[in-house]
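Single-structure report; data block below.
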Amino acid sequence: MRKINVGLIGFGNVGSGVVRILQEKKGLLKAKIGIEVNIKKICDKDIISKRNVSVDKDILTKNAKDILGDPQIDIVIELIGGIHPAKEYIIEALNRGKSIITANKALLAQEGKELFAIAKDRGKNIYFEASVGAGIPIIKSLREGLVANRFNGVYGIINGTSNFILSQMSDNNCTFADALRQARLKGFAEKDPTLDIGGIDSAHKLILLVYLCFGKLIEVDDIFIEGIPRIALSDVNYAKELGLEIKLLAIAKKQKDELDVRVHPTLIPKNHLLASVGGIFNAIYISTDLAGNLLFYGPGAGQLSAASAVVSDLVDLVRDMKAGLFRSSLNVVPDKSISKLKKIDEIESRYYIRFMAVDKPGVLAKISGILAKFGISIASVTQKERRRAQVVPIVMILHESKEKSLRQALSLINRLDIIKENAVAIRMEEV
Ligand code: HSE
């Protein structure tokens, strides 16, 4: 075996990066794996536009069947994103005995059960290193480097766009709308940025991390998801005054026999390593039984960073093919100590709450009276401005409280005539 033929479906930003790495690092890769990796065909609906890499025109096609139906192609790299037709292409490639590499976290999160089952049945692999944290080798580390560990928890800043927005708000006093505009201009947001700012992209990635850490392939609907659009610049600034930073955190933590899985804006102490992760950077903080607490950090998006992960999958596959081996790209064993997922109503957390209330005597008494009825205890309270008979922000930090009780209390408080906007509540986390 001297050469492995690969078919690339999706010649966009990351696809061009893969081709570039295979061209520029051809010698290095050949020396490391002893086999030439040959991109035999590239499929894209646009084969005209110039990319920052040049390829022989003859290998370009608009028809995926030219790759899927080519018996000399052993590996298909899917980089078109989205659910359809990516799913159908992957199924057809597996049915034709090809192995898959994909960066498509939305597809694996939604359709992974079916796709991994087909792959298993066909004795083929689906590799997906680029789907979480781009070039950060988190998937391989969970699968191989930490193979003997049990995981207590995973805390991820895994959406670069949201992290960029929150960092701009915190560092440059930008409003949410201004920061989102900048993120779009820089081009790291998904085609539909609501996936980023709504927390869905983080949830997709969290599903893959949970599968690798706890052996459970959960569904998007199993995850409580809250995005960042309700976070105001004032919340970011008040949090800073309290020594806290707001991050969109993807959390999966074991609590006795339950797994608590959620994505939401979270307040963490400013001196925690995760609080210093800024801009489009991603970080995944993992708590393990053997290796202790680990932090994986790096750019969470970018052409060469994501392409670096795809090439690492390629090398894994090629090495196995050369050795005539089959090693599962999953290597997951369910954590039997977990019997169920924790419901969001059942979690207990400390909270930051911002009320917008009329500035007049007795307001605090009304709010705290309702909180007390639900057994919720206040740790601190600050009225941020003084404007007699007008609306002012009141910021409270609550002691550990049950989410369900807090929601019930807030829904009563929001109905008071002294309250002019629904309260903003942000969970705090001791990572
Ligand atoms: N849109 C994603 C992010 C990048 O902002 O992190 C690709 O996963």
Side-chain angles (χ1 to χ4, degrees), residues 10 12-18 77-83 86 101-110 112 127-140 154-170 174 176 179-212 220 223 225-229 231 246-251 263-266 274 277-285 296-313:
N13 190 34
V14 180
S16 321
V18 171
I77 304 176
E78 179 276 307
L79 295 175
I80 51 176
I83 308 297
I101 297 170
T102 180
N104 197 334
K105 62 261 168 175
L107 176 63
L108 293 180
Q110 283 177 43
Y127 273 84
F128 51 96
E129 183 66 69
S131 59
V132 183
I136 305 169
I138 180 66
I139 306 285
K140 197 176 172 83
V154 181
Y155 304 83
I157 295 174
I158 44 182
N159 183 265
T161 303
S162 301
N163 201 48
F164 173 85
I165 292 171
L166 293 173
S167 304
Q168 284 293 313
M169 292 169 80
S170 175
C174 263
F176 180 87
L180 174 60
R181 212 167 297 124
Q182 288 179 46
R184 295 181 93 156
L185 280 177
K186 288 181 190 283
F188 9 91
E190 298 290 315
K191 268 182 224 149
D192 172 4
T194 55
L195 289 181
D196 294 298
I197 58 176
I200 319 286
D201 177 70
S202 294
H204 288 155
K205 293 167 180 168
L206 184 60
I207 285 175
L208 298 174
L209 295 176
V210 165
Y211 194 23
L212 290 158
V220 180
I223 305 181
I225 307 171
E226 191 180 286
I228 59 170
I231 304 292
I246 305 176
K247 293 290 179 193
L248 180 65
L249 222 56
I251 301 169
V263 174
H264 52 68
T266 310
L274 283 173
V277 175
I280 63 144
F281 276 75
N282 280 194
I284 302 118
Y285 187 85
F296 296 81
Y297 168 82
Q303 184 185 47
L304 291 178
S305 164
S308 156
V310 170
V311 172
S312 134
D313 283 344

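We number each residue from 1, following the sequence as shown. Order of listing sets the numbers, starting from 1, for every ligand and every atom in it. Scope of the values below: all heavy atoms of this structure, side chains included, with no hydrogens, waters or symmetry mates.
- In this structure Gln168 satisfies the side-chain hydrogen bond (donor to acceptor under 3.5 Å, both in side chains) test together with Asn172, sequence neighbours excluded.
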N/O pairs closer than 3.5 Å, ligand 1 and protein:
unit_1   : atom_1 : unit_2 : atom_2 : d
ligand 1 : 1 (N)  : Phe188 : O      : 3.2
ligand 1 : 1 (N)  : Glu190 : OE2    : 2.6
ligand 1 : 1 (N)  : Asp196 : OD1    : 2.9
ligand 1 : 5 (O)  : Asn159 : ND2    : 3.4
ligand 1 : 5 (O)  : Gly160 : N      : 3.3
ligand 1 : 5 (O)  : Thr161 : N      : 2.9
ligand 1 : 5 (O)  : Thr161 : OG1    : 2.6
ligand 1 : 5 (O)  : Asp196 : OD1    : 3.3
ligand 1 : 6 (O)  : Gly160 : N      : 2.6
ligand 1 : 6 (O)  : Lys205 : NZ     : 3.4
ligand 1 : 8 (O)  : Lys105 : NZ     : 2.7
ligand 1 : 8 (O)  : Lys205 : NZ     : 2.8

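- Residues Val263 and Gly199 come closest through the heavy atom pair CG1-O, 3.8 Å.
- Legend: residues meeting side-chain hydrogen bond (donor to acceptor under 3.5 Å, both in side chains) with Thr161, ordered by chain and number and at least two apart, are absent.
- Contact of the Asn282 side chain with the Ile138 side chain is not registered, since no non-hydrogen atoms from C-beta on lie closer than 4.5 Å.
- Partners of Asn163 by side-chain hydrogen bond (donor to acceptor under 3.5 Å, both in side chains), not counting sequence neighbours, listed by chain and number: Lys247.
- Using modelled atom types and a 3.5 Å distance limit, the side chains of His264 and Thr266 yield a donor-acceptor pair.
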